[in-house]
2 protein chains.
Amino acid sequence: MPRAARRSKAQIRADNETAILRAAEEVFANHGFKGASTGQIAEIAGIPKANLHYYFPTKEDLYRRVIDDIFNLWMEAAASFDRQEDPVPALSEYIRAKMHLSRTRPLGSRIWASEIISGAPVVYDALETTLKDWTETRVARIDKWVDKGLIAPVNARGLLYMIWATTQHYADFARQIAALNNGRELSEDQFEEFTRFVIGLILRGIGAVGAPEPVAMPDALRQIGAPAE
Amino acid sequence: MPRAARRSKAQIRADNETAILRAAEEVFANHGFKGASTGQIAEIAGIPKANLHYYFPTKEDLYRRVIDDIFNLWMEAAASFDRQEDPVPALSEYIRAKMHLSRTRPLGSRIWASEIISGAPVVYDALETTLKDWTETRVARIDKWVDKGLIAPVNARGLLYMIWATTQHYADFARQIAALNNGRELSEDQFEEFTRFVIGLILRGIGAVGAPEPVAMPDALRQIGAPAE
DNA sequence: GTCTATAACCGGATAGAC
DNA sequence: GTCTATCCGGTTATAGAC
């Protein structure tokens, strides 16, 4: 058997790790840290439980790794906040990036939410250091926009919290939103509509110069959200 | 020993039930349904574990009761939405009521969030019936405000989701907010300031007639939120 | 109604052959 | 690196004396 035909050891390791992390995201999102079981994670990953413990010695090691990946993802998305100088494009892009993450990586958002709800036993240090630094810097930028008269005088922290809360709601409460949408997940078009709504409302709310007028849901979509006849 | 001196059986039952429910809220909020243990709940309630199972035969029975109480509480808070005819007082009072609940009953909010994040295994029926009905009615009211020109044309569902997300964030993510507030819980004054900010931003965002101008955080409070020197 | 003891089970983690 | 078998602590729930 030619050597090239089988996966290298490194490849096997990488594949297994990926499978484990993917499965872990699912189980941690659905049951929280304490409620998750390594047996279930191993089963979904398609490996024996003992192998999981070979790759990640303890459940907490695995959990930390998952949380870490999520945190890095968020910090990257946050970069869109900085690419633009002016408030309207900066906030629009940031909100859009966060909404996109809620759509494409809802599990990460849900794990993060569970972790914070449980008192942030694992990430509290990161909150007090990395997240705090990130936040202070952006608060300063927002305050500068206020000083320049580009937006109305606002509570910068309140604004950030509102953006986080609103965008992550579409991941964390997706099940509730679906229940209110006749049991169906939001379609791409519906999601885009909510995204525009969020951006528009917040920009108008802070009195941003050049903010778009609020947009009503188009009739076609409105129908989807309405009760079935 | 005079009979009046001891608690009646009914009183004992009521007291024990209250103690159990209070303890259950704490443990379910911190660990989710699967992660919570009846042993810990009994310990906090100050009774033997067997007694807990006498009052609530299974862990799920207890959990359903806790969730039920929370849901009713929320429906009552929602009533403030209806006491006022016009959008500004109706939404102001509703947002304020929700913020107040986040402040006074954060555990309930956190349990609700955990339940939805986990896929709403227990409350899904209530979402599709009671919550859906409540929502449809309020969407209709909001649409009517739009028709009357009292607010700009908005996505009514998006508006409700934003109110829920933003207000509940102050309960569910209280630990994160505290970490960004130099490790201290928000003071009453700070919380009031955020409440006003949320109300002001949303009312302005929907172009409500008579909405207050956005308010900056007073310097005194701003200092508290700033990095320690 | 209350409490001690315990049954029955599940979960995280490891031993040790391959 | 992989996998079966297993240990052991913790969990839900109940039995049965008081």
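Reminder, nothing fancy here: chain letters follow the sequence lines and each chain counts from 1.
Of all the heavy atoms in Ile177(A) and His169(A), the pair that sits closest is CD1-CD2, 3.8 Å.
Nucleotide dT12(D) holds its P atom 15 Å from the CZ atom of Phe56(B), rounded to whole Å. Atom CD in Glu60(B) sits roughly 14 Å away from atom C1' in dA13(D) (whole-Å rounding). Between the CG atom of Asn16(A) and the C1' atom of dC3(D) there is a distance of 13 Å, given to the nearest Å. One interatomic measurement links the two molecules: CD of Gln11(A) to P of dG1(D), which rounds to 12 Å at whole-angstrom precision. Whole-Å rounding puts the Lys9(A) NZ to dG1(D) C1' distance at 7 Å. Atoms CD1 (Ile12(A)) and P (dC3(D)) sit 10 Å apart, rounded to a whole Å. Tyr54(A) places its OH atom 18 Å from the P atom of dG16(C), with the value rounded to the nearest Å. Protein atom NE2 of His53(A) is 17 Å distant from nucleotide atom P of dC8(D), rounded to whole Å.
Between Phe81(A) and Tyr94(A), the ring-plane angle classifies as perpendicular under the 30° and 60° cut-offs.
For Trp164(A) and Phe173(B), the gap between ring centers reaches or exceeds 6.0 Å.
Using a 4.0 Å cut-off on heavy atoms, none of the residues of residues 114-122 of chain A approach DNA chain D. For DNA chain C, the residues of residues 31-51 of chain B within the heavy-atom distance limit of 4.0 Å (strictly under) are Pro48(B), Ala50(B), Asn51(B), sorted by number.
Within 6.0 Å of the CD atom in Glu185(A), the count of heavy atoms belonging to other residues, nucleotides or ligands does not exceed 12. For His53(B), the NE2 atom counts as densely surrounded, since its 6.0 Å shell holds more than 12 non-hydrogen atoms of other residues, nucleotides or ligands. For Arg141(A), the CZ atom sits in a packed shell: over 12 heavy atoms of surrounding residues, nucleotides or ligands are nearer than 6.0 Å.
The pair Arg65(B)-Glu17(B) counts as a salt bridge, with a side-chain nitrogen and a carboxylate oxygen less than 4.0 angstrom apart. Using a 4.0 Å cut-off between charged nitrogen and carboxylate oxygen, Arg22(B) and Glu26(B) do not count as a salt-bridge pair.
At least one cation-pi condition fails for Arg157(B) and Phe194(A): the charged atom is not both under 6.0 angstrom from the six-membered ring centre and inside a 45 degree cone around its axis.
The nucleotide whose nearest atom lies closest to any side-chain atom of Tyr55(B) is, among dT2(C), dT12(D), dT14(C), dT2(C).
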